[in-house]
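What follows is a short report on a single structure.
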Amino acid sequence: MFEFKVIAQCPVTGARAGEFTTPHGVIHTPVFMPVGTLATVKAMSPDELETIGSQIILGNTYHLYLRPTPEIIAKAGGLHSFMNWKRPILTDSGGFQVFSLARLQKITDKEVICRSHIDGSLLTMSPEWSMNMQGVLGSDIAMCFDQCCEYPATHEKAEDAVRRTTIWAKRSREYFMANNDTGKQALFGIVQGSVYDDLRRRSAEEICGMDFPGYAIGGLSVGEEHSAMYHSLDVLNEIMPKDKPRYLMGVGYPPNIVEGIARGVDMFDCVMPTRNGRNATVFTSFGRLNMRGASHAEEFFPMDSECDCYACRNFSRSYLRHLAMCGEILGARLFTWHNLRFTIRIAEKAREAIIAGKFPEFLRDFTERFRDDNSNSDS
RNA sequence: GGCGGAAUGGCCGAGUGGUCAAUGGCAACAGACUGUAAAUCUGUCGACGGGAGUCUACCAUGGUUCGAACCCAUGUUCCGCCA
């Protein structure tokens with residue numbers, strides 16, 4: 001269980017294709033994992049997620065702790081059973097909420113004391129709390145409780161987050177080994193370090209020295225330039241274990257995924273396909289489209305004629321824009337459907353290309369075709 | 001036919017002598033969204049101009065006033081109530 005096998009590697013870039021075995025099935029990498037924070041990938045049923053090729057989805061410790069509460073999930077028999085999802089689940093530790101809900105909390109090495117964003121009640125999060133909760137959830141992959149550093153951050157602040165993340169990783173691992181079912185759940189470590197090479201190296205050394213079955217790269221895609229993200233991935237690609245899966249947390253944006261794969265990343269997750277979908281922005285093989293745009297009003301053809309998703313096979317841009325303008329719930333569903341399928345397909349195509357020995361060509365073609373005039377990135 | 005009320009920018013609707021090119025909301029247009037406090041948020045929104053600014057505007061016409069979306073007169077249209 002939790003064996004990672006690299007089955008093909010790109011001889012030019014760092015890209016690799018692999019298989020990661022979990023209790024709920026084998027995950028073929030590279031893989032994009034839809035985010036289902038509250039035990040639902042917003043707007044999609046489990047059936048539909050399977051249809052579009054979702055191999056694994058995410059759940060969130062903090063959010064599920066508040067609602068419906070661990071008691072209810074335990075009674076339901078765990079998260080898989082509760083939400084009727086039969087494939088693997090990865091749970092985030094709540095570490096990201098230490099970052100995203102920063103205004104509501106106080107952080108010490110011991111714990112994070114924060115206020116619920118729902119009713120303001122006091123809540124104490126810690127590595128032990130997170131491991132316990134993730135045990136209740138029964139995810140296939142649990143994540144260490146970490147501190148995601150904001151961007152920009154001074155070297156001093158980033159270093160403190162690295163230091164604390166290592167302390168918390170040790171405690172996460174100890175509690176996990178003693179209390180969780182290690183036959184059914186794997187715990188991944190998380191590397192921090194912001195955009196500082198020395199901190200990335202130090203964090204990778206400390207975290208990867210703890211022998212986790214997989215390693216995540218956290219603290220990126222938080223506002224830094226794309227070039228900075230790619231540089232950090234280059235640094236980490238050299239030093240992270242090659243025989244373990246690598247998970248770039250919170251990415252993402254289609255070009256970031258492709259560039260991440262080129263730098264040896266195997267797993268990705270991001271709210272972008274689902275959130276942007278609900279807000280009527282879609283990704284296509286030739287770039288990004290705001291489907292509310294007046295220019296689509298009389299376009300009686302698909303969003304992306306190369307896409308094999310339900311929305312692109314059955315509906316015109318004109319109709320989809322109409323749904324978006326009316327705020328119809330079907331619009332949100334179809335855009336989400338498309339974006340998830342498109343993003344999952346990127347990973348599938350990358351995998352096929354790696355196995356076929358044609359990843360550099362895939363990378364070049366994708367980058368040339370994916371135009372995003374509005375992107376303020378430098379990539 | 002009589003009495004009363006109302007007419008404001010694409011729509012609804014504030015304003016009731018100067019600080020009003022005119023609050024809000026909606027619509028429209030554009031933008032943002034990267035381990036989800038997001039089916040959310042931001043900007044623009046009379047015309048021309050890069051801007052300073054200029055022009056045209058609160059049903060119509062005339063008037064009062066230094067000054068009117070706001071006061072007066074007449075007209076037009078609409079809405080009530082009574083015949």
Side-chain angles (χ1 to χ4, degrees), chain A residues 32-44 56-64 66-67 90-105 114-120 130 139 141-149 151 188 190-192 216-226 229 247-257 259-260 265 267-283 288-297 321 323-336 339 343 372-377 379:
Chain A
F32 177 78
M33 311 182 281
V35 177
T37 304
L38 283 160
T40 168
V41 175
K42 295 185 194 296
M44 298 289 286
I56 169 172
I57 62 173
L58 263 67
N60 186 280
T61 299
Y62 165 82
H63 290 278
L64 294 170
L66 293 178
R67 290 188 301 205
L90 181 150
T91 42
D92 190 26
S93 62
F96 188 70
Q97 279 63 47
V98 176
F99 161 78
S100 66
L101 303 175
R103 282 177 210 115
L104 303 173
Q105 64 191 356
C114 79
R115 294 203 169 270
S116 154
H117 70 281
I118 297 164
D119 65 3
S130 179
S139 51
I141 302 172
M143 300 303 299
C144 280
F145 191 69
D146 67 326
Q147 183 181 353
C148 179
C149 194
Y151 181 87
F188 279 24
I190 303 176
V191 174
Q192 288 290 339
I217 300 159
L220 290 177
S221 62
V222 287
E224 77 283 4
E225 296 283 287
H226 289 171
M229 179 196 297
Y247 161 29
L248 177 55
M249 307 184 84
V251 171
Y253 179 62
N256 292 169
I257 292 177
E259 295 291 342
V265 176
M267 304 163 69
F268 302 84
D269 81 282
C270 193
V271 304
M272 195 174 266
T274 44
R275 181 183 289 168
N276 282 29
R278 290 194 305 284
N279 295 326
T281 296
V282 297
F283 298 101
R288 188 165 62 160
L289 294 177
N290 178 351
M291 287 305 297
R292 280 188 320 235
S295 61
H296 306 304
R321 168 182 136 92
L323 294 180
M325 294 309 281
C326 296
E328 281 294 331
I329 198 164
L330 180 61
R333 271 174 47 66
L334 292 175
F335 293 134
T336 299
N339 277 346
T343 310
D372 192 343
D373 298 336
N374 296 318
S375 175
N376 54 9
S377 77
S379 65

Whether the side chain of Thr274(A) and the base of rU36(B) hold a donor-acceptor pair under 3.5 Å is what I'd like checked.
yes
Taking the side chain as C-beta and beyond, is there a heavy-atom pair between Leu38(A) and Asn60(A) under 4.5 Å?
no
Please report, rounded to the nearest Å, how far the P atom of rC29(B) is from the CE atom of Met291(A).
13 Å
Proximity to the side chain of Arg292(A) - top-ranked nucleotide from rG31(B), rC33(B), rC29(B):
rG31(B)
Here's a test for you: under side-chain contact (heavy atoms from CB on, under 4.5 Å), which of Thr91(A), Thr61(A), Asp92(A) qualifies with Ser139(A)?
Thr91(A)
Picking from rC29(B), rA37(B), rU36(B), which would you name as closest to the side chain of Ala294(A)?
rC29(B)
Could you check which of rA28(B), rA37(B), rC33(B) has an atom nearest any side-chain atom of Met325(A)?
rA28(B)
So for Asp146(A) and rG35(B), does any side-chain atom that can act as donor or acceptor lie under 3.5 Å from a complementary atom in the base?
yes
Check whether any side-chain heavy atom of Ile56(A) sits under 4.5 Å from a side-chain heavy atom of Ile141(A), and report yes or no.
yes
From the options rU34(B), rC33(B), rA39(B), select the nucleotide whose nearest atom is closest to the side chain of Ser221(A).
rU34(B)
Identify which nucleotide among rA32(B), rA38(B), rG35(B) has an atom closest to any side-chain atom of Arg275(A), counting heavy atoms from C-beta outward.
rA38(B)
Closest of rG31(B), rA39(B), rU36(B) to the Val271(A) side chain is rU36(B)
C1'-based separation of rG63(B) from rU54(B) [nearest Å]:
28 Å
Closer than 4.0 Å, any side-chain N/O of Asn279(A) to the OP1 or OP2 of rA32(B)?
no
Report yes if the side chains of Leu90(A) and Tyr247(A) come closer than 4.5 Å at any heavy-atom pair, otherwise no.
yes
Within a strict 4.5 Å, meaning less than it, do heavy atoms of the Gln97(A) and His63(A) side chains meet?
yes
Applying the Watson-Crick and G-U wobble criteria at under 3.5 Å, what pairs with rG18(B)? Answer none if nothing qualifies.
rC66(B)
C1' atoms of rG13(B) and rG1(B), separation to the nearest Å:
34 Å
Short side-chain N/O contact from Thr37(A) to OP1 or OP2 of rG35(B), under 4.0 Å:
no
rU34(B) base to His226(A) side chain: any donor-acceptor pair below 3.5 Å?
yes
So what does Thr336(A) touch, heavy atoms closer than 4.0 Å: a base, only the sugar-phosphate, or nothing?
nothing
Asn276(A) side chain N/O closer than 4.0 Å to the phosphate oxygens (OP1, OP2) of rU34(B)?
no
Given the P atoms of rU8(B) and rC71(B), what is the spacing between them in whole Å?
15 Å
Phosphate OP1/OP2 of rG35(B) contacted by Gln97(A) side-chain N/O (<4.0 Å):
no
For Leu58(A), report the nucleic acid contact type (base, sugar-phosphate, nothing); a contact means any heavy atom under 4.0 Å.
sugar-phosphate
Of Ser295(A) and Met229(A), the one whose closest nucleotide on RNA chain B sits nearer the 5' end is Ser295(A)
